[in-house]
Structure formats: structure tokens, C-alpha cells
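Heads up: the structure comes next, in C-alpha cells.
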Amino acid sequence: ATRYFVQTGAFTDKGNAEKQLSVLKSQFPSTQIFESSVNGTMYYRVRIGPVNTVDTADALLNNAENAGWVGARVVIE
């Protein structure tokens, strides 16, 4: 099944991701940190979701941008 997220940040420092997560959680309770290794570097991606449809993801992105999370983007897994 396809899952859609709104990604608000990607960090190599887990502490920075956790700071962003703590701020976002009050506005978007479904926010999580996803860890992934790219070429030996660990990234901590802060994402809201998942949601099941593109329309819901677009609405969530709009809400995030309106809340000041400029640069957020929809990602698909």
C-alpha cells in the first residue's frame, strides 16, 4: 500500500530532528522521525503522517505551510 507523508526536515543530527519533532507534535500529532542511511550517513527525517491519498497529503502540506513549515514537501513510500 502506498503511504504519503509531509516531510518538514531531514537532519544528520538526531538532536535537531528531535527538536523539530517536539515543536511539530503539538500541531500535528502524527509526526514521527524516520531513520535511513544514505551512502553511510544516517539521516533523521521528520515526517507528518502517513495518510492514504494524494488529496489528503496535499491538504496536510497546505496546513503545514500555513503553520510556517516552509519548504515542507510530500513524500511517497
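Everything quoted here is computed from the prediction, not taken from an experiment.
Under the 4.5 angstrom side-chain criterion for Ile, Leu, Val, Met, Phe, Trp and Tyr, the cluster partners of F28 are Y4, V6, F11, L21, V23, L24, I33, M42, Y44, V46, I48, V51, V54, L60, L61, W69, V74, I76.
Ion pairing between R45 and E35 fails under the 4.0 Å rule for side-chain N and carboxylate O.
Under the 3.5 Å distance criterion, with hydrogens and angles disregarded, a donor-acceptor pair is assigned to the side chains of Q20 and T8. For the 3.5 Å distance criterion, the side chains of Q7 and R47 qualify, holding a donor opposite an acceptor.
With hydrogens and angles disregarded, no donor-acceptor distance shorter than 3.5 Å links the side chain of N62 to the backbone of D58.
Here the shortest heavy-atom pairing between P50 and Q32 reads CD-NE2, 3.8 Å.
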**Request:** Report the C-alpha separation of Y43 and F34 in whole Å, then their side-chain angles, then the decisive distance to 0.1 Å, and conclude whether the ring-ring contact (aromatic ring centres under 6.0 Å, His included) test is met.
**Result:** CA-CA 8 Å; Y43 287 89; F34 292 85; over 10 Å; no
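By the 6.0 Å contact criterion, NZ on K19 is open, its count of non-hydrogen atoms from other residues, nucleotides or ligands being 12 or less.
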